[in-house]
Amino acid sequence: NFVGGGRCVSDDAGVYKFYTIRPGAYPWPNHANAWRPPHIHFSLFGPTIATRLVTQMYFPGDPMLSADPIFLGTPEGARDLLIADFSFDVTEPDYAIGYVFDLVLRGPQATPMETS
């Protein structure tokens with residue numbers, strides 16, 4: 001039940017890095033014995049509010065994803081984009097397990113957004 005917030009600014013290439021404690025699953029009153037899988041919320045801004053993206057990052061191999069209505073509410077072709085990739089390249093020995101998660105606000109590789 002961790003509540004926190006943070007900010008980071010990407011470099012000129014759009015690369016960002018932050019450290020956090022990996023969250024745990026938590027119960028929620030969606031139905032009997034309902035649990036949300038561990039995830040991290042992101043709210044990103046580009047140069048204007050029109051480029052704002054709000055999303056969640058999940059962790060690979062989580063068995064709860066197949067029962068999570070929020071994750072399953074994402075179009076099937078885009079769900080894999082919500083799961084971070086484990087990376088030995090960004091893992092720091094004896095300190096931090098590293099994940100890579102790409103978010104793109106604009107252009108042909110943009111992260112899918114809701115349409116009205």
Enquirer: So, using side-chain contact (heavy atoms from CB on, under 4.5 Å) as the criterion, who are the partners of Ala13 when residues are at least two apart?
Expert: Asp11, Val15
Enquirer: Applying side-chain contact (heavy atoms from CB on, under 4.5 Å), name anything that partners Ser43, two or more places apart in sequence or on another chain.
Expert: Phe45, Arg52, Val54
Enquirer: What I'd like to find out is whether the side chain of Phe86 reaches to under 4.5 Å of the side chain of Ile97, using heavy atoms alone.
Expert: yes
Enquirer: Can you see which heavy atom on Tyr26 is nearest to which on His39, and at what distance?
Expert: OH-CE1, 3.4 Å
Enquirer: Could you state whether Ile40 and Leu81 fall into the same hydrophobic cluster, counting links through intermediate Ile, Leu, Val, Met, Phe, Trp or Tyr residues with side-chain heavy atoms under 4.5 angstrom apart?
Expert: no
Enquirer: Does atom CZ (Phe18) have a neighbourhood of more than 12 heavy atoms from anything else shown, all under 6.0 Å?
Expert: yes
Enquirer: In Å and rounded to the nearest 0.5 Å, what is the CG to CE distance from Asp102 to Met57?
Expert: 11.5 Å
Enquirer: Of all residues at least two apart in sequence or in a different chain, which pass the side-chain contact (heavy atoms from CB on, under 4.5 Å) check with Ser10?
Expert: Tyr16
Enquirer: Please identify each residue that fulfils salt bridge (charged side-chain N to carboxylate O under 4.0 Å, His left out) with Glu76, with sequence neighbours left out.
Expert: none
Enquirer: For Met64 and Pro37, which heavy atoms make the closest approach, and how far apart are they?
Expert: CB-CB, 3.7 Å
Enquirer: Can you name the side-chain contact (heavy atoms from CB on, under 4.5 Å) partners of Asn30, sequence neighbours left out?
Expert: Trp28, Ala34, Pro69
Enquirer: Hey, does the side chain of Thr91 reach the backbone of Gly98 with a donor-acceptor pair shorter than 3.5 angstrom?
Expert: yes
Enquirer: Please report the shortest heavy-atom distance between Arg79 and Leu72, naming the atom on each side.
Expert: NH2-O, 2.8 Å
Enquirer: Mind checking the CG-CG spacing from Leu82 to Leu103? Nearest 0.5 Å is all I need.
Expert: 9.5 Å
Enquirer: Could you state the interatomic distance from CG (Leu65) to CD1 (Ile83), rounded to the nearest 0.5 Å?
Expert: 5.0 Å
Enquirer: Show the nearest heavy-atom pair for residues Pro23 and Pro38, with the distance to one decimal.
Expert: O-CB, 3.2 Å
Enquirer: Hey, what do you get for CD1 (Ile70) to CZ (Arg36), rounding to the nearest 0.5 Å?
Expert: 5.0 Å
Enquirer: Tell me, which pairs form a ring-ring contact (aromatic ring centres under 6.0 Å, His included) where one or both residues lie in residues 59-82, sequence neighbours left out?
Expert: Tyr58-Phe71, Phe59-Tyr99
Enquirer: Atom OG of Ser87 and atom CZ of Phe101: how far apart are they, to the nearest 0.5 Å?
Expert: 14.5 Å
